[in-house]
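Chain letters run A, B, ... following the sequence lines, proteins first, then strands; residues in each count from 1.
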Protein chains: 2
Amino acid sequence: MTKRNVTKLTTVASNPKPTGSDTDRLVDELRRRIVTNEMPPGSRIRENELAEEFGVSRSRVRDAFGILEERGLIERIPNKGAVVMRLEADSFLELFDVREVLEGLMVRLATQNTEPEYWNDLIELFGDDLEKAVSENDFNAYMAAIAQFRKGCIEAAGSDTLRGLLDDIYDRVLSMTRRLMLVPGRASEGFRQHQGILQAMKEGDAEKAEGLKRDNIRSARQWFLKYNDFLL
Amino acid sequence: MTKRNVTKLTTVASNPKPTGSDTDRLVDELRRRIVTNEMPPGSRIRENELAEEFGVSRSRVRDAFGILEERGLIERIPNKGAVVMRLEADSFLELFDVREVLEGLMVRLATQNTEPEYWNDLIELFGDDLEKAVSENDFNAYMAAIAQFRKGCIEAAGSDTLRGLLDDIYDRVLSMTRRLMLVPGRASEGFRQHQGILQAMKEGDAEKAEGLKRDNIRSARQWFLKYNDFLL
DNA sequence: GCATATTATATTGTTGACAATATTATTGGC
DNA sequence: GCCAATAATATTGTCAACAATATAATATGC
């Protein structure tokens, strides 16, 4: 079981596959529009419009819709069309449950597979500068840091199966994560929790890191429950 | 948080959606052939053949392929065709990891959502008759019981999100589960483990049940590691 | 006979046209 | 003016023909 050493982390997480088939590009762009709320839940999406906009055949749009439907990002009603999936509070709670165990697993595997130095970059990233940014409500900086954390963990965990599951879930909850960040106190709490997780990971204590990551998701779930009237 | 009472469990788990579009029927039938090893991993599947066999257009077959690919059951290589996904040992280990946490979650939620009587049918099913059957290597009876257990748990857990993830994973590992059952000693151990889990669930001890379920998957993983030369 | 080039065949990829269905607009009755 | 029935439009669903690519078969040079 060889452990991987520290690798350079790219600064910004751009789209993972810039090249590919027409269908792939469509899936990627539509995914982006959905997770950024550019196309909010409930939006109707017409095949013809997209086909014209992207200069592709309607069949390609159709294929892309099939993939997005399978990923739970859109809903297709026969002969009526496709709309961006609208999640209810129940669905979010379900997603918190699976996130709790899956992200816990992610952190545990990541810890087991790495040397302590692997986490230096992330520990530095979650330092005083970011703390100041969070206290000043610079949510973009915090979101970017969280994305980096995820990326580093998934890479270290080294499980394509797990990566696939987490990617799907991530897409579904991203817009909610952004909103949850606005709740006063949540961001700074999340920041401290991530500091603790990183500390445990550097110490190589996989069980502790997993437990802290699960606490992190559970507390996010609590905040969501408390404020879901404002969040949904 | 209302708990659900005991419900009648159907005897045999047939295909969940007998009706639906042509594409749905195709997906269902191909899924069946793949998980039963009727189409073993590596098998090439040609669009024309299936279109003719099912009396549908090639487009429908193509749509079905898209869905099966997204579910990880087949692999499509551009301009070359589709083959039944071939899993390596690494993938199985990854699947064991996610099964451990997800099935643990399933059992925990199921316990929390039910009254003790809900489990009477399953406890009876995992009784002396089944123990005898297992000791006599009647694997079909055991597989059917396991399927019942899964079904009862997923239903009680009441999370569509979790159900979706587990269904996907189940399809991918079913044929391996069948083979693992042949390893001398594994089936009877699994049987006893399920008895223990059911006991904890009836007692309403969700944490204990989750822990036992995770032990169950971890031990299956151990057996797989030990015998993977014979199993793959 | 063997390796390479070339043709022929089979298979997948893509498209535009048409059918089926739903949505909107129009008409007619009261 | 309001409601129902009907026609017009728009949108999705399906298909069969064609293009692009890969595989198999044949021919060619040495």
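Summarising the geometry, the separation between CG on B/Leu26 and C1' on D/dT14 is reported as 14 Å, rounded to the nearest angstrom. As a whole-Å value, the separation of A/Ile74 CD1 from D/dT12 P is 11 Å. One interatomic measurement links the two molecules: CD1 of A/Ile77 to C1' of C/dT21, which rounds to 14 Å at whole-angstrom precision. When the P atom of C/dT12 is taken as reference, atom CZ of B/Arg60 falls 16 Å away, rounded to whole Å. Here D/dT11 presents its P atom at 12 Å from CZ of A/Phe65, a figure rounded to the nearest Å. Atom C1' of nucleotide D/dC15 and atom CG of B/Asp63 are separated by 12 Å, given to the nearest angstrom.
Checked against ring-ring contact (aromatic ring centres under 6.0 Å, His included), A/Tyr142 has no partners two or more places apart in sequence or in another chain. Remark: A/Glu69 engages A/Ile74, A/Arg76 in a side chain to side chain contact (heavy atoms under 4.5 Å, CB included) (not counting sequence neighbours). Here B/Arg32 pairs with B/Glu29, B/Thr36, B/Glu38 under the side chain to side chain contact (heavy atoms under 4.5 Å, CB included) rule; sequence neighbours left out. Applying the side-chain hydrogen bond (donor to acceptor under 3.5 Å, both in side chains) criterion to B/Arg58, with sequence neighbours excluded, gives B/Glu47. Considering only residues two or more places apart in sequence or on other chains, B/Arg46 meets the salt bridge (charged side-chain N to carboxylate O under 4.0 Å, His left out) condition with B/Glu49. Annotation: side-chain hydrogen bond (donor to acceptor under 3.5 Å, both in side chains) contacts of B/Arg214 (sequence neighbours excluded): B/Glu100.
To the nearest 0.5 Å, the span separating CG on A/Leu165 from CG on A/Leu102 amounts to 6.0 Å.
Near-neighbour residues of DNA chain C inside residues 42-51 of chain A, defined by a heavy atom below 4.0 Å, are absent.
Annotation: side-chain hydrogen bond (donor to acceptor under 3.5 Å, both in side chains) contacts involving residues 164-174 of chain B, sequence neighbours excluded, comprise B/Arg31-B/Asp171.
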Contact state string [nucleotides 17-22 of chain D, B base, S sugar-phosphate only, - no protein heavy atom under 4.0 Å]:
----SS
